[in-house]
Amino acid sequence: MLDSVTEPPKTKPKKVSVRTGKRYRPSRIEDHYDVIVVGSGMGGLTTAALLSKLGKKVCVLEQHYTAGGYTHSYENSGYEWDVGVHYIGEVHKPYSTLRRVFDVVSENRLKWAEMDSVYDRIILGEKTYDFVTGTEQFTEQLIEYFPDEEKAIRDYVALIRKISKLTPRFFAGQAMPPTLAKLYNLIRPALVPGEFFKTSRQVLETLTSNQELISVLTGQWGDYGQVPADCAFLMHALIAKHYLPGGAYPVGGSSEIARTIIPTIQAAGGEVFTYAKVDKVLEENKRAIGVQMEDGTVIKADQIVSNIGLMATANHLLPDWAGKAIGKGQWPDTIKHSSAHLCIYAGFKGTAEELGLDTTNLWVYPDGNHEANVDAYLNDKEQPFPLVYISFPSTKDPDWENRYPGKTTVEMVTVADHEWFSQWENSTWNQRGDDYEVMKKKLSQRLLDVLFKHRPQLREALDFYELSTPLSTRWFQQNEKGEIYGLDHFVERFKQPYLHPVTPLKGFYLTGADVMTAGVGGALMSGVMTASAMQGLKGKKVLDLLKNHQSTIA
């Protein structure tokens, strides 16, 4: 008789709530803090954590039900997705600047998983171009695609590395008092190359006349939401160089970013509150002294920081005189909101291995005519999508199977016009009516068709999907026009003196992507700049924190 065999018990999925932060209650708030930060996006959390490391008691107030801004995750129907952290460059390299800042603010709690060697695949019609990890490997792969353009390709790679290296010099004024910053910015053109003040297309067309190569090199323009003819080359160069070492993803999902930073703030006596909507900043003798919450509660602090964007800050938080002092009234000629977007969050039955998926992001374009395609689409949404970005977040996270065994997620992003949805602008989320749902379904099917063209094996495995529109972004993120990247990155944007951490309202500061550049890395570094500027002449304290921190070597 055979002995009975006992099967090992099945491992239960690890349950980790994607929601972070502590729910706001007036009774949980102290009467006074050293610093209040309005908004818990990457810039706000970084500023708060660095100030906490310097001994400040910081109160972060987030209107959403979870902390993290565009780094948060959400769940639905047994799946989880990130909403903005599709991949980040350099952080898997222990000695990179971004990795060091993340290690400081999370006190080494945040871990990273490197993506496959092909981190991005640019698809122009039927042609495919891979971006591979490593500067030399990236260069050689491009030369293989464009053998007659070797000099242009090598010059391009050298240039984006040069721009990245000199970017701290370009933004040095952000850590200076405003008066010194204005003087510094007057001489800045003599301190950095002229490419800092040109568009991507202007610069690239000095390197090559090959339009297909230019289309490929700018194939990540969705990472900052602007076509080559409009975007400052500075923004493009920072993104392109940022990914030369490859891409990485937070182990445990993007909610780990906020989850690992919040304890740093709490350790100094501070807290991160959610469901905490600020009504206005309180001032006395042109000095910020606290905030008034939507429920009327007053919270006092010595310093206030806004992480909700320049325009929203001026329009909704500040007294009129202070809003005008940070540019309100000048905006139409100098800055504007960045692009809105559509995003499908889809869930599939089966593991990544079973479905034949890897971590490579897909950038799908009808062809290389980026500007013309965007213009045609924005004038008529029935035209082909000018780009579709496809990400496989569950495949990038080595902890995914512990939380969601046998499942896979996909995200698809494209640009949109907020005005397409203006008739529902004053409606409530999830209650916008049948016409809205019909429009969403039509857009969803078009996006899914793009996915199934490139990953046909997913069609039969589809289990769930939902589409977010600019109205969704506005509802949850409180962005004025459903924009995804704060302010657009026109060359003129970087010349505006009011895009500075220090404002004319004493004790009131700005942080976030509008102070620096779009993306998690830009917002992260804005936190460094703002925390430094808040120290005045002692701003070196923040740099010393970064210099002296002992990072964990992965």
message: If we check ring pair (Phe, Tyr, Trp, His ring centres under 6.0 Å) with Tyr87, which of these qualifies: Tyr243, Tyr249, Trp363?
response: Tyr243
task: Go through the side-chain N and O atoms of Thr47 and Tyr509 and say whether any donor and acceptor fall under 3.5 Å apart.
output: no
message: Glu30: which residues meet the side chain to side chain contact (heavy atoms under 4.5 Å, CB included) condition with it, sequence neighbours left out?
response: Tyr33, Lys57
- prompt: With distance as the sole test, does Glu483 use its side chain to make a donor-acceptor pair with the main-chain N or O of Lys481 at under 3.5 Å?
  reply: yes
query: Do Leu471 and His418 pass the side-chain contact (heavy atoms from CB on, under 4.5 Å) test, and can you show the C-alpha distance, the side-chain angles, and the key distance before you say yes or no?
result: CA-CA 8 Å; Leu471 297 185; His418 180 268; 4.1 Å; yes
task: Could you check whether the rings of His489 and Phe494 sit parallel, tilted or perpendicular, using 30° and 60° as the cut-offs?
output: tilted
- request: For Gln496 and Glu492, indicate whether the former's side chain and the latter's backbone hold a donor-acceptor pair under 3.5 Å.
  value: yes
task: Return yes if some donor-acceptor pair links the side-chain N/O of Ser73 with the main-chain N/O of Ser255 below 3.5 Å, else return no.
output: yes
query: Thr66 and Thr274: side-chain donor and acceptor closer than 3.5 Å?
result: no
field: Sidechain-backbone polar pair: Glu271 side chain, Leu61 backbone, donor-acceptor under 3.5 Å
entry: no
query: Between Lys111 and Asn108, is there a donor-acceptor pair closer than 3.5 Å when you use the side chain of the first and the backbone of the second?
result: yes
- prompt: Within the distance-only criterion (no hydrogens, no angle test), does the side chain of Ser96 pair as donor or acceptor with the backbone N or O of Arg99 below 3.5 angstrom?
  reply: yes
- prompt: Got more than 12 heavy atoms from elsewhere within 6.0 Å of NZ, Lys495?
  reply: yes
message: Tell me whether the rings of Phe197 and Phe170 are parallel (<30°), tilted (30 to 60°) or perpendicular (>60°).
response: tilted
message: Between His549 (side chain only) and Val101 (backbone N and O only), is there a donor and an acceptor less than 3.5 Å apart?
response: no
field: Rounded distance [0.5 Å steps], CG in Asp514 versus OG1 in Thr313
entry: 8.0 Å
message: Could you check, using the six-membered ring where one of them is a Trp, whether Tyr79 and Tyr345 have ring centers closer than 6.0 angstrom?
response: no
SB check Glu371 Arg201 (cutoff 4.0 Å): yes
- request: Could you tell me whether a side-chain N or O of Ser164 sits under 3.5 Å from a main-chain N or O of Ile160, the two making a donor and an acceptor?
  value: no
- prompt: With a cut-off of 6.0 Å (strictly less than), are more than 12 heavy atoms of other residues, nucleotides or ligands near CG of Asp31?
  reply: no
message: Assess, by modelled atom type and distance only, whether the side chains of Glu62 and Ser40 contain a donor and an acceptor separated by less than 3.5 Å.
response: yes
query: Does Asp380 CG have over 12 foreign heavy atoms under 6.0 Å away?
result: yes
task: May I have the step-by-step check of side chain to side chain donor-acceptor pair (under 3.5 Å) for Thr469 and Tyr436, ending in yes or no?
output: CA-CA 10 Å; Thr469 72; Tyr436 179 71; 2.7 Å; yes
field: Where Leu510 and Tyr498 come nearest, the two heavy atoms and their spacing
entry: CD1-O, 4.0 Å
query: What heavy-atom pair brings Val502 and Ala533 nearest, and what distance separates the two atoms?
result: CG2-CB, 3.9 Å
- prompt: How far does NZ of Lys300 sit from NE2 of His32, to the nearest 0.5 angstrom?
  reply: 8.0 Å
- prompt: Between Glu195 and Lys198, is the closest basic N to carboxylate O distance under 4.0 Å?
  reply: no
message: One thing to verify: whether Lys440 and Glu466 come together as a salt bridge, which I'm taking to mean a side-chain N less than 4.0 angstrom from a carboxylate O.
response: no
task: Nearest 0.5 Å please: distance from the CD1 atom of Ile36 over to the OG atom of Ser306.
output: 12.0 Å
- request: Check the pair His242, Leu98 against side-chain contact (heavy atoms from CB on, under 4.5 Å), reporting the backbone distance first and the verdict last.
  value: CA-CA 10 Å; His242 173 72; Leu98 291 186; 3.2 Å; yes
message: On a heavy-atom basis, which atom in Lys56 and which in Ala268 lie closest, and how many Å separate them?
response: O-CB, 3.5 Å
field: Spacing of Met311 atom CE and Lys336 atom NZ [to the nearest 0.5 Å]
entry: 10.0 Å
task: Keeping the roles fixed (side chain from Ser338, backbone from Tyr485), state whether a donor-acceptor pair exists under 3.5 Å.
output: yes
query: Can you tell me how far the CH2 atom of Trp81 sits from the CD1 atom of Ile344, to the nearest 0.5 Å?
result: 11.0 Å
query: Are Ser468 and Tyr74 linked by a side-chain donor-acceptor pair shorter than 3.5 Å?
result: no
query: Quick one: OG1 on Thr20 to CZ on Arg259, what's the gap to the nearest 0.5 Å?
result: 6.5 Å
- prompt: So does Lys324 have more than 12 non-hydrogen atoms from other groups sitting under 6.0 Å from NZ?
  reply: no
task: Measure the acute angle between the ring planes of Phe273 and Tyr24, then classify it against the limits of 30° and 60° as parallel, tilted or perpendicular.
output: perpendicular
task: Indicate yes or no for a side-chain donor-acceptor contact from Thr199 to the backbone of Cys231 under 3.5 Å, with no hydrogens or angles considered.
output: no
